[in-house]
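The structure appears below as structure tokens.
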There are 2 protein chains.
Amino acid sequence: MEENNTITIYDVARVAGVSMATVSRVVNGVANVKETTRKRVLNVIEELDYRPNAIARGLASKRSTTIGIVLPSFTHSYYSRIIIGIDDVARMYNYNILIANSDGDPDKEMALIDDFAAKQVDGIIFMGDTMADSVRQRISRLRTPVILAGMIDPEEQVPAVTIDHRQATVEAVGILAKNHEKLALITGPLVNAINTERFDGFKEALEANHRAFSELQVIETKYSYKAGMKLVDRVLAMGATAAYVTDDEVAAGLLNGLLDSGVKVPEDFEIITSNNTIVTNYTRPNLTSIDQPLYDVGAVSMRFLTKLINKEEIDEKTAILPYRMAIKQSTRQ
Amino acid sequence: MEENNTITIYDVARVAGVSMATVSRVVNGVANVKETTRKRVLNVIEELDYRPNAIARGLASKRSTTIGIVLPSFTHSYYSRIIIGIDDVARMYNYNILIANSDGDPDKEMALIDDFAAKQVDGIIFMGDTMADSVRQRISRLRTPVILAGMIDPEEQVPAVTIDHRQATVEAVGILAKNHEKLALITGPLVNAINTERFDGFKEALEANHRAFSELQVIETKYSYKAGMKLVDRVLAMGATAAYVTDDEVAAGLLNGLLDSGVKVPEDFEIITSNNTIVTNYTRPNLTSIDQPLYDVGAVSMRFLTKLINKEEIDEKTAILPYRMAIKQSTRQ
DNA sequence: TTGTATGCGTTATCAG
DNA sequence: CTGATAACGCATACAA
């Protein structure tokens, strides 16, 4: 004898002696409900412990009060930090978060976007290194608003919140160029938009500082601590005495790899990394880094998304947030 | 002139010249559809780019193919690792993940559980340090299955997947007791179940190794790197020469704090930590740790949850996974 | 201020 | 093997 406990708006209506429409009104705080009946309904809701069914509500209203997040990794400190910003603002606006890991694979990204669309999310925050054409097309056909966090769309079609990575790279490399002839750029895949920006900034800074550039100075790598550790030989072999690294985990790996090989940092080798996440504090020496406002990137993205969802006017399609340099121990000053 | 693009099952039915019931059947792979009509319908679906509305489906079927995750922090390496395990299995079973941060606050935990229930999640994975009575009560009233990951319910009412923290602590402290008279336990709040287990293990190990115990050897702290760094003076003041730490971030902070104070690890001070997350590799020396199968904790939890959702038989309410010791550089061997 | 009726896009039951 | 049709639980336009 399965008892069906589900308490619906009809139950409340019946007990309160009103119509279900009235119950719906008080639940949604809609105007024009007499104070006495409002209270009566509220009491019954309390009494019956009624909870509106968000699914039914979503079907009727076409809004799910849920947003979707696509990201390339659950563990990477960069994205974790952004998520906190997203979460705080999402909570303020009463959105729940549907989250999914794409591994940075465009096919998975597309599948996840479709998935989210099917679940009727009100908006999507997309994170990654780049925006594949296939993904951009999918997004453009969506009626659901999408915003990029911590990256930009090179085609500038999709709204985005990020920092100026090219300029930040110029600044970071400029610091290293003071004390060094031969610099290395250690970056994620150059097919990715965010990294081509950095690549451009790297070259620009070398030129501005009258340093030679060759492709050999550029190392592409996966974003992981292990990958960073394995780079030591290559970096030393090319004769570099300083490196700009685009990822904190990789930088930590490179640093520890160098230390384990007896190279002193910053005396014999200087490192600047890019995200200033907590990882940069774990190492000794800790890592000088571009200081991106990652929390803000998340918070602004989410706030931005609420505007898109509500079809509010927006001034700029892309928000470029300011960054700083966090000078720590892996540079000599 | 708002064009309503939404393509429903009716559109497909009309174009394919069948009833919507038949379309529903082919979409859901239900038996008894003639092969020719199946193909015809499939073609139309492709042609119209029809996507089933998961919300409507959820309302009609009472299943959302979504699970909820409650956790105390987005950034903590411990939970991130568990999430990967959850995600992999969730993906296998085609579940999406609704995730929310409780900050470990029971009130928020309750609110989030209600939220998830309202969104009709098919199951909930709950993470934290402990299970407040209020939360347990809420859970017990839910018709939605809940499972605890990386923790247990002291009352053993809620199913759980974790390791034997008491026993692991006994082992870890036993290692430290070999070389040291005075040991410190650095733990999260002792009001939390997981930590009382460790506390018991700590005392047990001291006794077994004929070491004195006093409350002064126990330091309660927040789970953060900064909190760990600030502990140096207290730890040294109590005369401890070794510490068992229940959290990797805290252990990393303590280690770096000691190093910054000129204390040599492991020569002058030994440390064992508890989670063997990637953080233990970032430090130099890297950290000896209990090696919990965190990925498996997540994966098993999710698999377990699918069984509860499908009302399959389960042998044990609680799964205790095996752990190892990962001996690294913060102990002398 | 309140109630009635309809629709949201599916699933699922029951006939045929 | 297929088609009607009734839920699912709520929001909302329209009446009253």
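Just so it is clear: chains get the letters A, B, ... in the order the sequence lines come, proteins before strands, and each one is counted from 1. Basis for what follows: all heavy atoms, side chains included, without hydrogens, waters or symmetry-related copies.
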Restricting to non-hydrogen atoms, name the atom on B:Leu305 and the atom on B:Pro145 that form the minimum distance, rounded to 0.1 Å.
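What the structure gives for the nearest pair is CD1-O, 3.8 Å.
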Restricting to non-hydrogen atoms, name the atom on A:Asp153 and the atom on A:Val158 that form the minimum distance, rounded to 0.1 Å.
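Nearest heavy atoms, A:Asp153 then A:Val158: OD2-N, 3.2 Å.
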Between A:Arg303 and A:Thr306, a side-chain donor and acceptor under 3.5 Å
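The criterion, which ignores hydrogens and geometry beyond distance, is satisfied for A:Thr306 and A:Arg303.
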Distance-only polar pair, side chains of B:Lys119 and A:Ser64, donor-acceptor under 3.5 Å:
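No pair is found: no donor N or O on one side chain lies under 3.5 Å from an acceptor on the other.
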Tell me every residue that passes salt bridge (Lys or Arg N to Asp or Glu O under 4.0 Å) with A:Asp114, counting only those two or more places apart in sequence or in another chain.
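Checked A:Asp114 against salt bridge (Lys or Arg N to Asp or Glu O under 4.0 Å); matches are A:Arg138, B:Arg51.
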Whole angstroms only, please: what is the [atom1]-[atom2] distance between [X] and [N]?
X: B:Arg40; N: D:dT2; atom1: CZ; atom2: C1'; value: 11 Å
X: B:Arg38; N: D:dT2; atom1: CZ; atom2: C1'; value: 13 Å
X: A:Lys62; N: C:dC8; atom1: NZ; atom2: C1'; value: 6 Å
X: B:Gln120; N: D:dC10; atom1: CD; atom2: C1'; value: 12 Å
X: B:Arg14; N: D:dT2; atom1: CZ; atom2: C1'; value: 19 Å
X: B:Glu35; N: D:dT2; atom1: CD; atom2: P; value: 10 Å

Rounded to 10°, tell me the angle between the two end axes of the helix from C:dT1-D:dA16 to C:dG16-D:dC1, each built from five pairs.
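The two end axes of the helix from C:dT1-D:dA16 to C:dG16-D:dC1 meet at 40°.
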For A:Ser61 and A:Arg57, indicate whether the former's side chain and the latter's backbone hold a donor-acceptor pair under 3.5 Å.
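Pair found, side chain donor or acceptor close to backbone of A:Arg57.
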Within the 4.0 Å limit for protein heavy atoms, which parts of nucleotides 10-16 of chain C are touched? Write it as a string from 5' to 3', B for base, S for sugar-phosphate only, - for none.
BBBB---
So, are B:Arg63 and B:Asp122 salt-bridged, with charged N and O less than 4.0 Å apart?
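No, no charged N to carboxylate O under 4.0 Å.
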Salt bridge or not between A:Asp88 and A:Arg91? Use side-chain N to carboxylate O under 4.0 Å.
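No, this pair does not count.
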Does C:dC8 have its OP1 or OP2 closer than 4.0 Å to a side-chain nitrogen or oxygen of B:Thr6?
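Checking B:Thr6 against C:dC8: no side-chain N or O falls below 4.0 Å of OP1 or OP2.
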